[in-house]
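Take a look at the structure set out below.
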Number of protein chains: 2
Amino acid sequence: MLDSDDQQPPAQPPASPAAESPARGQVDPSSDVSRDTRTRLLDAAERLFAERTFASTSLRQITAAADANIAAVHYHFGSKDELFRAVFHRRVGPVNDRRLQGLRALLTAAAPAEPSLEDVLRALVEPAAALRATPAGRSFACLIGRSLSADGPHWKTIEREFEGVKAEFMPVFVRLCPELSTADLVWRLHFGLASLCMVLSDTDRLRLATGGLCDPDDVGTVVEQIVSFTAAGLRAPATASPTGPRAGRPSNLDSDR
Amino acid sequence: MLDSDDQQPPAQPPASPAAESPARGQVDPSSDVSRDTRTRLLDAAERLFAERTFASTSLRQITAAADANIAAVHYHFGSKDELFRAVFHRRVGPVNDRRLQGLRALLTAAAPAEPSLEDVLRALVEPAAALRATPAGRSFACLIGRSLSADGPHWKTIEREFEGVKAEFMPVFVRLCPELSTADLVWRLHFGLASLCMVLSDTDRLRLATGGLCDPDDVGTVVEQIVSFTAAGLRAPATASPTGPRAGRPSNLDSDR
DNA sequence: ATGTGTTTCAAACGATCGTTTGATAGCGGG
DNA sequence: CCCGCTATCAAACGATCGTTTGAAACACAT
């Protein structure tokens, strides 16, 4: 397992049914001369997609930043959408691999007991938060954090990348939080990942708003803050309505008016 | 106070220094005949900005959905950017007013003691979460939740809308969490708002992924989940390093490899 | 040198974008 | 009746978008 670096087949653009007009065969990504232009395009696209947005970043801006020709994008990737997929796939694989490595190490080290909730959360959070330690990783962190809260045509692509992590972490959380209903557990994990996404996608706003007090690029602090906050939330007593019909809908501000 | 419905001055488009060529005077938004087209444009833009994105929604899509002419946008708002600002301003004002009302009611009801952490969080979360109860509000909820995690040219516009809420809620949280350092408090409130944003911007993904178990449109459940989770996180013991140099940077997965 | 396949380039394609224009209705008060 | 004002409309503006094309530049085995 731990697959992260497969190269897709030719992946010819869905248009043009007569596929092979001049030259379109994808090239082996390892030990290739043209890797220069390809990775330059990936780096530039990663940075610009993060700074602006996929929709508001033009291929001309990308190729200008990468010092390449416009047609190079379609030659190496086929289309703008597949360029996005390539940018995303290049970095999310290693992150998820580190997550699964960390989880498995914890499980075997603690067996037959269970690892601590904090350790499991750390294994999930740290590889992603560590992206913000490097400039390129920080660009990708903004991209991934932003893509998770905006579903466009790329949502299914993104979702698939995280299936393995979800499948392996969820049972562990279920065992570590036996007193929580499934709905409670899912809600709270959702909130924890929301916190992670918010930090990943931050672009100096939090640091500026706090006068440098809270720094999303301080990986160690970020990890401990998210882990301790989420662990405390997961340990909160279960809500009143397990899966009841509509039990307990307390709504405030009916005081006056 | 509680200002939410001020109309901006003429707000002439920054181009064309000789401003008044044919007809550009903004109209009084109350008791006006043309409110029809104006609000139809606002409604359509609100929905489409939420479904797609600001950048990937064209004015022609908006005017087609609003059954209006292309030029109507520039006649009533001046530009696409000011249309976004109008869409945002129309709904965020009442939400923040309800938040401040709720907070003040809590403060006077509990005086001279302090209200509970849960009640203050509820006053902050409920008015926003309640947006998801109506289709139009749900569109705006997606828009606001998404805009907060993506900073474009509209970030300063958005930030200004929330200044009042921030200024009035923050001192209360400081008093309610006296054992937390400022950095800890800001981090954890940031996480709580991240959870809120994630729920607001959800577009059926969570419900579909959980088989209907977690429904972002079930306002009562959402509020209680966010409030209890965030309150538990805020009550977690303070982290080791208050503002220390680099204390405690435990990094896992140094097991093998 | 020749041939083959890969990579890069300038230039153009049609489509769509935000914005502007000038004319055309509707409607009030003089 | 005509005038000033508001609102809407069809049509076009220049700019920029993603994509395609065909040829040049390059590498390298024979």
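Each chain gets a letter, A, B and so on, in the order its sequence line appears, and its residues count up from 1.
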Query - Gap between atoms CG and P, on A/Leu41 and D/dT19 respectively (whole Å) - result: 14 Å

Report summary line: Applying salt bridge (charged side-chain N to carboxylate O under 4.0 Å, His left out) to B/Asp204 and not counting sequence neighbours gives B/Arg207

Report summary line: In whole angstroms, the gap separating P of C/dG5 from OH of A/Tyr75 amounts to 13 Å

Report summary line: Here the distance between atom P of C/dT19 and atom CD1 of B/Ile62, to the nearest Å, is 11 Å

Report task. Take the protein atom NE2 of B/His74 and the nucleotide atom P of D/dC9, then report the distance between them rounded to whole Å. Result -> 16 Å

Validation: residues 62-69 of chain B side-chain donor-acceptor distances under 3.5 Å, sequence neighbours left out:
| unit_1 | atom_1 | unit_2 | atom_2 | d |
| --- | --- | --- | --- | --- |
| B/Thr63 | OG1 | B/Leu59 | O | 2.9 |
| B/Thr63 | OG1 | B/Arg60 | O | 3.2 |
| B/Asn69 | OD1 | B/Ala71 | N | 3.0 |

Requested in this report: Output yes when B/Arg205 and A/Glu159 qualify as a salt bridge under the 4.0 Å nitrogen-oxygen rule, no when they do not.
Outcome: no

Requested in this report: Using only side-chain N and O atoms of A/Thr37, determine if any of them is under 4.0 Å from OP1 or OP2 of C/dT7.
Outcome: no

Query raised in the report: Starting at CG of B/Asn69 and ending at C1' of D/dT8, how long is that distance when rounded to a whole Å?
Result: 7 Å

Query raised in the report: If you look at every strand shown and take non-hydrogen atoms under 4.0 Å, does A/Ala71 touch a base, only sugar-phosphate, or nothing?
Result: base

Report task. Kindly write out the residues that satisfy side chain to side chain donor-acceptor pair (under 3.5 Å) with A/Glu168, not counting sequence neighbours, or none if the list is empty. Result -> A/Arg104

When you compare the protein's N or O atoms with those of nucleotides 12-16 of chain D, which come within less than 3.5 Å of each other, and at what distance?
| unit_1 | atom_1 | unit_2 | atom_2 | d |
| --- | --- | --- | --- | --- |
| D/dA12 | N6 | B/Arg60 | NH2 | 3.4 |

Query raised in the report: Going from CZ on B/Arg90 to CD on B/Glu46, what distance comes out if it is rounded to the nearest 0.5 angstrom?
Result: 5.0 Å

Requested in this report: Enumerate the residue pairs fulfilling ring pair (Phe, Tyr, Trp, His ring centres under 6.0 Å) with a member in residues 39-59 of chain A, sequence neighbours excluded, ordered by first and then second residue.
Outcome: A/Phe49-A/Phe54, A/Phe49-A/Phe84, A/Phe54-A/Phe84, A/Phe54-A/His154

Report task. Could I get the full list of side-chain contact (heavy atoms from CB on, under 4.5 Å) partners for A/Cys214, not counting sequence neighbours? Result -> A/Leu206, A/Thr210, B/Ala183, B/Val186, B/Trp187

Query - Separation of C/dC17 P from B/Gln61 CD (nearest whole Å) - result: 6 Å

Query - Nucleotide nearest B/Lys80 when distance is taken to its side chain, options C/dT7, D/dT8, C/dG18 - result: C/dG18

Query raised in the report: Can you give the dot-bracket line for DNA chain C, where a pair is Watson-Crick or G-U wobble with both atom distances under 3.5 Å, crossing pairs use [ ], and | marks a partner on another strand?
Result: |||||||||||||||||||||||||||...

Kindly list each side-chain donor-acceptor pair under 3.5 angstrom involving residues 129-143 of chain A, sequence neighbours excluded, with atom names and distances?
| unit_1 | atom_1 | unit_2 | atom_2 | d |
| --- | --- | --- | --- | --- |
| A/Arg132 | NE | A/Asp217 | OD1 | 2.8 |
| A/Arg132 | NH1 | A/Val199 | O | 3.0 |
| A/Arg132 | NH1 | A/Leu200 | O | 2.9 |
| A/Arg132 | NH1 | A/Asp202 | O | 2.7 |
| A/Arg132 | NH2 | A/Asp202 | O | 3.2 |
| A/Arg132 | NH2 | A/Asp217 | OD1 | 2.9 |
| A/Thr134 | OG1 | A/Gly137 | N | 3.0 |
| A/Arg138 | NE | A/Arg132 | O | 3.4 |
| A/Arg138 | NE | A/Asp217 | OD1 | 3.1 |
| A/Arg138 | NE | A/Asp217 | OD2 | 3.3 |
| A/Arg138 | NH2 | A/Arg132 | O | 3.4 |

Query raised in the report: Tell me: CZ of B/Phe84 to C1' of C/dG18, nearest whole Å?
Result: 17 Å

Query raised in the report: Looking across every strand, which nucleic acid part, if any, lies under 4.0 Å from A/Ser56 by heavy atom: base, sugar-phosphate, or nothing?
Result: nothing

Report summary line: From the candidates D/dT8, D/dT19, C/dG18, the one with an atom nearest any side-chain atom of A/Leu59 is D/dT19

Query raised in the report: Over how many whole Å does the gap from A/His76 atom NE2 to D/dT19 atom C1' extend?
Result: 16 Å

Query raised in the report: So which heavy atom on B/Ala194 is nearest to which on A/Ser195, and how close?
Result: CB-CA, 3.9 Å

Requested in this report: Answer with base, sugar-phosphate or nothing: what part of the nucleic acid does A/Thr63 contact at a heavy-atom distance below 4.0 Å?
Outcome: nothing

